[in-house]
Student: 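Here you go, one structure.
Just so you know, ligand 1 is whichever comes first in the structure, and atom 1 is the first atom listed for that ligand.
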Amino acid sequence: MPSALVWATEQSARAAICRGAEVGDEVNREMTAMEPAQRVVVVDFGAQYAQLIARRVREAHVFSEILSHTATAQQVLASEPMGIILSGGPKSVYADPAPSVDPAIYESGVPILGICYGAQLLAAQLGGEVARTGRGEYGRTPLTISGGAEAGSVLLRGRPGVSEVWMSHADSVVRAPEGFTVTASSPDAAVAAFEDPERRIFGVQFHPEVAHTYRGQEILERFLWDVCGCAQTWTSASIIEGAIKDLRERAPAGRVICAVSGGVDSTVAAVLAHEAVRERLTCVFVDTGLMREREGERVEELLEGKFSVDLVHVKAADRFLVALEGVIDPEEKRKTIGELFIRVFEDVARDIGEARYLVQGTLYPDVVESGDMSAATIKSHHNVGGLPEVMDFEIIEPFRWLFKDEVRAVGSELGLSRELVWRQPFPGPGLAVRIVGEVTPERLAILRAADAIVIEEVKAAGLYHELWQSFAVLPAVRTVGVMGDDRTYAYPIVVRAVTSDDAMTADWARLPYDLVEKLANRIINEVPGVNRVALDVTSKPPGTIEWE
Ligand code: XMP
């Protein structure tokens, strides 16, 4: 998920950003101080399976890098990985074309673990047999260790004879390649796990990375720690140390700017950058007027107060409101906000003067999803989303290698509060995308007040951290009501609360009725201009989380 800033500017910036370098330009692979010497490469066969595996590897304190399956063996091996994991994927090995991996990797001597599609692929490539048996398995499935719990499989050591795993496959390995031992089976997959410990190649049909697999993380740890011999050196402390070293190397002198939005990524990036370059850092907070209640003060209290960071607080609400006058179309709204944001930022940067570096909170999933996945051909769009290169800054992305949960852990380690580190996401264009129709000062005031009540009550109910997001939306209709003896004709507020793991999909949250009742009462009684509250019970898909 892009940082709030990245998103804020995304619509208009993307085009501008790429001006400096054509997407697809190849640049030399530079190892940065952020990247530890030991790593495991996760080969991605699509549909984001690889990201979860890569995160689980990091949780085992081993650095992981995701590469596309189109990478050559030379590219996969370029960074001298300690191990290679072939991910699952949505395709069949019988698809035409079927995503594949350069079979030369099997001769490299580097340990390999194939998961689901990855297991089928390595079975097929090494001379085993994969078949469409017509008996796929989906969901929780019992896994039986061949020969019982004591059988001595390297990967499955210590597991009970029968345990639950997560399956999701249509094809099955029906014969393991020569030299491999079948180490586990399931009701509809006779070869659910197979291994050749001598060659250090392993395949599992199930998904050890999925939480529903009983002690799945331990299977990954067996592979990483015991088979690959990885040291457990990837920790928040080592990430911070590497990032600070990298920042100092890349910005040895001169002013460094960091745009902050109040969100987790940009705030942690600012605090980290401050650790690295101290008084050479200036943070810029552009208050678009589309922020939540007290947002600007909060940012000031934290950065100027707690961390003594030099902060420029740009109060640009008037400019944004004027630009948004009469704008109703959601895309036009986003574009207007994004473009103006850049203009305001450019003005400030000019005033700050000699700034040479711009720190951005771009995360690893943004980099992976933008197609920048080949170790040997990192493409020169180092400014994945964000502020335009035409501003002549050197862009520094300390989180370019990090997943969101790692940024949170870094934030905690740097002394940021749990409240900030676990803040729910907030869109860069702010409240504007939660106001259907025109954004006016009056409508902003209504939404901001209702939003503050939603957050306050959700927190009071102890649900804030269980929800991915919870907020208020202001539709562009008014309805009739009666308050006291008077007829009212006022706005409804829609309460939107969702659970999600990654915002790609989301479920509407089943808020307790007493909380819903409290929200409705408070919003109607305390927010002038509102006479009705509705609850959004739409999941994603078919809805999106935001209304615009
Ligand atoms: P949707 O509405 O697409 O949102 O389901 C998915 C997640 O992305 C957030 N979001 C944004 N975040 N700038 C951001 O920083 C944006 O323009 C933006 N649009 C959506 C949204 O809050 C949700 O978490």
Student: Once rounded to the nearest 0.5 Å, what's the spacing between atom CZ of R510 and atom CG of L535?
Tutor: 10.0 Å
Student: For atom NZ of K245, is the number of surrounding heavy atoms from other residues, nucleotides or ligands below 6.0 Å larger than 12?
Tutor: no
Student: N/O to N/O below 3.5 Å, does that happen between Q469 and ligand 1?
Tutor: yes
Student: When you check the gap from the basic side-chain N to the acidic O, do K459 and E419 get nearer than 4.0 Å?
Tutor: yes
Student: Quick one: which ligand 1 atoms are inside 4.0 Å of a heavy atom on P429?
Tutor: 13 (N), 16 (C), 17 (O)
Student: Would one find more than 12 heavy atoms of other residues, nucleotides or ligands at under 6.0 Å from atom NZ of K540?
Tutor: yes
Student: How about H274 and F307: are their ring centres within less than 6.0 Å of each other?
Tutor: no
Student: Heavy-atom contacts with F426 under 4.0 Å: which atoms of ligand 1 show up? List them by number with element.
Tutor: 15 (O)
Student: Just checking W401 against F63, ring centres under 6.0 Å apart?
Tutor: yes
Student: Kindly identify the option in Q424, E548, R334 whose heavy atom sits closest to atom 17 (O) of ligand 1.
Tutor: R334
Student: What atoms of ligand 1 come closer than 4.0 angstrom to any heavy atom of A503?
Tutor: 6 (C), 7 (C)
Student: What about I545: any of its N or O atoms under 3.5 Å from an N or O on ligand 1?
Tutor: yes
Student: Counting only nitrogen or oxygen atoms and a 3.5 angstrom limit, does G428 reach ligand 1?
Tutor: yes
Student: For ligand 1, which atoms sit closer than 4.0 Å to a heavy atom of W468?
Tutor: 24 (O)
Student: For ligand 1, which atoms sit closer than 4.0 Å to a heavy atom of K540?
Tutor: 1 (P), 3 (O), 5 (O), 6 (C)
Student: Side chains of R532 and T479: is there a donor and an acceptor less than 3.5 Å apart?
Tutor: yes
